[in-house]
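Residue numbering restarts at 1 for every chain, and letters A, B, ... go by the order of the sequence lines.
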There are 2 protein chains.
Amino acid sequence: MTDLNAPSAPRIPPKRADAQRNKQMLLDVAAALFVTSGVEVPVREIAARAGVGTGTIYRHFPTRAELIIAVYRHQVETCAEAGPVLLARYVSPYAALGEWIQLFVDFLATKHGLADVMQPGDPSFDALHRYLIDRLVPVCMAFLDAAVEADEIRPDIQAYELMRGVGNLCIGAGNDAHYDARRLVALLIAGLRRAQADARVDPGDELSG
Amino acid sequence: MTDLNAPSAPRIPPKRADAQRNKQMLLDVAAALFVTSGVEVPVREIAARAGVGTGTIYRHFPTRAELIIAVYRHQVETCAEAGPVLLARYVSPYAALGEWIQLFVDFLATKHGLADVMQPGDPSFDALHRYLIDRLVPVCMAFLDAAVEADEIRPDIQAYELMRGVGNLCIGAGNDAHYDARRLVALLIAGLRRAQADARVDPGDELSG
DNA sequence: ATACATTACGGAACACTGTTCCGTTTGTCA
DNA sequence: TGACAAACGGAACAGTGTTCCGTAATGTAT
């Protein structure tokens, strides 16, 4: 035990004291501002509240997305780790999936604007999108596989697609008293059930007259 | 019949010829650019391609949202008018709703970035959000009321909420080959069905051990 | 046809983003 | 204490949407 740092990470320089202090300060200030002003709060404002220059923020977090990841990493990990636990606890994988998705929605919907930037396309936020997808899609896939195996849900839905859909439904939650992301996500999950008629029906069977 | 213009609108000045020409040119250029570059294409680029200055574009369309509305108004009207027709044609209001929602999704998902901007909150795009909501929510409500009346769907979903949910699911469609907005919307609509178990189940009934 | 008032135009300028760059300051270690 | 690498601050850059105003085009009255 000669190395008190990470056992295997190639972290050569232990960093300067002021740098560590500033990084932690930025994380704390960003977390607070994300709550009050959303994740789209200007970088300048985070820097100002932390009492540092804009250069400092970009030295520690090369892009806004990486700051967001750092702030929420712990909660995302918690959510991901809850997956196997829930799956083991329930008889019904479908019920377990519903429970887990609720955890995810509770996380996303309370982070103003986080869902908005969780989409691919914007190169600046690709790191954030990839992190969330890479971490959570495998967890979701375990639920889906088990539920399909148990013949509880239709087999034609991909974990990635479902996570993107749930993420999209969380966009704007909190800005709009008449929009309840949780209820819509519950609807989406309900639509997964097997033996559920498709929304689109052949008009030949249904037309009147 | 002394007035060849709009019969009741208070349109006092018939406008100058160059102004009319520029307005039409801007609509055409914007429609083309929205297809190739999405509705988030810079205002400067629309102006440049139309051969006008940025001032001109803002004189005709005080905000980007109003230009977008003008470009798509005809398609939105068509979609809205299709509602009552479909509702009358089908025996099942639920089947009619599914058909109509598909029309809406086909419209939204093929307009790069339009769904992204259909949310409330951004004051610059509030006009666009309100236009779509005001025009389409009443149509949707007719479907829902009829389907509830026919006991086909659960009664606890609002037309506004459903439209927002469908709109959200269309965000990013087209940027991502692995994301199919139509399939997810179909899932959401399937979740509307009555007698459908809620996604969330009381753990007391389901826990193993 | 010409003069002229009005309407509309063009693009520079403003305010606000995220991000980069570099001269200056600070912490660490000999 | 001195030297030097590490880290800092904030000006500067690039790209948005939007506003402003001097200039040009247009329609009309003469």
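- Contact annotation: B:Thr56 side-chain N/O to C:dA8 OP1/OP2 distance is not under 4.0 Å.
- Checking the phosphate oxygens (OP1, OP2) of C:dC16, no side-chain nitrogen or oxygen of A:Arg44 falls inside 4.0 Å.
- Put simply, A:Thr63 has a side-chain N or O that comes within less than 4.0 Å of OP1 or OP2 on C:dT19.
- For A:Arg16 and D:dA5, the shortest distance from a side-chain N or O to OP1 or OP2 is not below 4.0 Å.
- Each of B:Pro42 and B:Ala17 lies near DNA chain D, and the nucleotide nearest B:Pro42 is the one positioned closer to the 5' end.
- Contact annotation for B:Arg64: backbone-only contact, meaning every heavy-atom pair under 4.0 Å involves sugar-phosphate atoms and none involves a base.
- B:Arg164 is listed as a side-chain neighbour of B:Asn168, based on a closest heavy-atom distance under 4.5 Å.
- Look at NZ on B:Lys15: it is 10 Å from C1' on C:dA8, rounded to the nearest Å.
- Between B:Asn22 and C:dA8, a side-chain N or O to OP1/OP2 separation shorter than 4.0 Å is absent.
- Distance from the side chain of B:Thr54 is smallest for D:dT19 among the nucleotides C:dG18, C:dC9, D:dT19.
- Both B:Gly55 and A:Tyr58 lie close to DNA chain C; mapped to their nearest nucleotides by heavy-atom distance, the more 5′-ward contact belongs to B:Gly55.
- Nearer to the 5' terminus of DNA chain D, by closest-nucleotide assignment, is the contact made by B:Glu40 (compared with the other of B:Glu40 and B:Asp18).
- Proximity of A:His60 to the phosphate of D:dC8: a side-chain N or O atom is located under 4.0 Å from OP1 or OP2.
- Of the candidates D:dA7, C:dA8, D:dG9, the closest approach to any side-chain atom of A:Val52 belongs to D:dG9.
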